[in-house]
Amino acid sequence: MTPLDDTVRAVEALLFAAAEPMTVDSMRAYVAGDVRAALDRLVSDYAGRGINLVRRGERWHFQTAGDLAHLLRREREEVRRLSRAGIETLAIIAYHEPVTRAEIEAIRGVQISKGTLDVLMEAGWVRPAGRREIPGRPLTFATTPAFLAHFGLETRRDLPGIDDLRAAGLLDPVDLAVERAVEKANEDD
Amino acid sequence: MTPLDDTVRAVEALLFAAAEPMTVDSMRAYVAGDVRAALDRLVSDYAGRGINLVRRGERWHFQTAGDLAHLLRREREEVRRLSRAGIETLAIIAYHEPVTRAEIEAIRGVQISKGTLDVLMEAGWVRPAGRREIPGRPLTFATTPAFLAHFGLETRRDLPGIDDLRAAGLLDPVDLAVERAVEKANEDD
Amino acid sequence: MTGEQLTLDLDGWEGPLDLLLNLARAQKVDLTRISILALVEQYLGYVERARTLQLELAADYLVMAAWLAYLKSALLLPRDPVADADPEELALRLQLRLERLAAMREAGARLMARDRLGRDVFRRAAAEGLRTIRTPRWSAEIYDLIAGYGRVSARTRPVMHVVQDRAVMTLDAAIARVAAMVGSHVSWTAIERFLPDDATGAFRRSALASSFLAALELARQGRVELQQAAPFAPLYLRAPA
């Protein structure tokens, strides 16, 4: 292996020892030198190994390679089982964020029971994300860095199928889609 | 990096994710192939990196390289204000030094907790100043040069006297009122 | 279908839109090509069956049924283009809602199937953690220091004044004095007679109070006898017989 410079070794040790994923800024509080270059070097060093260095949002951490899941999987410690309502609500928040409760309910066609958002927030995947400046100033919700980390997403752009859904207009409100369809019909006439 | 075989990758991931150091036998419960050869390969791969694979007795685990341990600690200075008890105790020491703890308490009219003197010594403003040659040989306390420096004093004589304090209105007005009332009562008798 | 099964079925739906989506799936065509009319018929039939079995349906199922009945009539009957909403647009609206719910349902499933941290991939279990060592730097201003001393001085000074200036007779002095004097009084003698002749003002009050306590203490020891006719009446002392 080619010799490592001190910054690369330091960042490697730091991320290895850290209890939580770290941002570049938080790493800089510990390590001198070019942290970003060190991360690039480590990502390539660990590519293909049993451990990988991954970026989740603004945070970095080491984790085991996905293809080894069959060896390591711990079914019994299964991360909390979400109800169907919980899964759908989480997906709607992730694909539409920031999104109000009323918007979530409009998509699901049913009221959200009180516990559903609580469970998602308790899991650390969803957070309140400010109020929308419309009458009533409703609270909006968005996903957290822990959500990205848990589902192995580098950014929200990695959400499965998000580009196709956006292109198909399926992330737009129904009203907007109806308007568009009407316009299109008029053009075709 | 040369391609890794599956056993090496599996052992690497296993040891990384393990809560405890593992024996070769316990690794064999998860991983097929030549575990010992995989360990040898990993030891040499990680030599000189920020993380090392080490053997402790019969058990193997990853740990951060010893020379980087200092990086994992970060010192941060926090400015804290002295408590009222701390200020009063420091003032008494400054005006009366060298002074014993019992004398400080007599002057304050209140007991001082052990922590109060510790804080003043930690701040570097107060030092033990020998024992008083009376029964029990109690320790005396005095101020330090750092005390003078912090408060911008040339010498302790620069501290204002009790008459200066009175003139400056620094004797608490409520207590002053009590004092006057008592004096007046004595005159009336 | 038994009533019980139907109840369970209804419990399994996440609301009327969910029920509609599942009925639409049964048409086994792309959601963009479903027959809205057939879907409406199925939904209304479902709700009707629930009613004949006298099952309690949540209000939103009935609201949806009413809306779908209206949609059905709009689709079937000739319409007044001024007064009525465009039934094609209403049908499109329903179809768009179903597509959106289906999209999110599928997205949720794909999300859950990813390699999830703590189930499929793992962070280091025995991470040492990073430590921040906080070193306090204490701060105080010279004003705080001086004002603090002023406070202490003001608190303790008046007490020292009073003790120095006030003339008092201590209890010990009063006991000694009363014990010495009572020996020469075999007849009842008022307590005031035991006070110093020159005692006036605050000192006299102090001497009287201390002498009274001294009398009580000596009586307890059997070295003096006391007599008082009534509360606040003159108090007399004499040597024990």
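Protein chains get the first letters and strands the later ones, always in sequence-line order, with residue 1 at the start of each. All of these numbers come straight from a predicted model, not from anything done at the bench.
Residue A/Ala65 touches chain C through its backbone alone, counting heavy-atom pairs closer than 4.5 Å. For A/His70, no part lies near chain C; criterion is any non-hydrogen pair under 4.5 Å. Contacts of A/Pro173 with chain C are made by backbone atoms alone, with heavy-atom separations under 4.5 Å and no side-chain atom involved. Of the atoms belonging to A/Leu159, it is side-chain heavy atoms, and not backbone ones, that fall under 4.5 Å from chain C. Looking at A/Ala168, neither its backbone nor its side chain comes within 4.5 Å of chain C, counting heavy atoms on both sides. Contact annotation for A/Leu165: only side-chain heavy atoms (C-beta onward) come within less than 4.5 Å of a heavy atom of chain C.
A side-chain contact (heavy atoms from CB on, under 4.5 Å) with C/Leu96 is found for exactly one of A/Leu176, A/Asp175, A/Val178, namely A/Val178.
The candidate from C/Glu106, C/Arg110, C/Glu88 with the greatest count of non-hydrogen atom pairs under 4.5 Å with chain A is C/Arg110.
Taking the ring centre of A/Phe16 as origin, the terminal cationic atom of C/Arg124 falls inside the region bounded by 6.0 Å and 45° from the ring axis.
At distances below 3.5 Å, at least one donor-acceptor pair connects side-chain atoms of C/Arg114 with backbone N or O atoms of A/Phe151.
Residues A/Arg108 and C/Asp18 are not paired through a salt bridge, judged by the lack of any N-O separation under 4.0 Å between the basic side chain and the carboxylate.
In this structure, C/Phe212 places its CZ atom where only 12 or fewer heavy-atom neighbours from other residues, nucleotides or ligands lie under 6.0 Å away.
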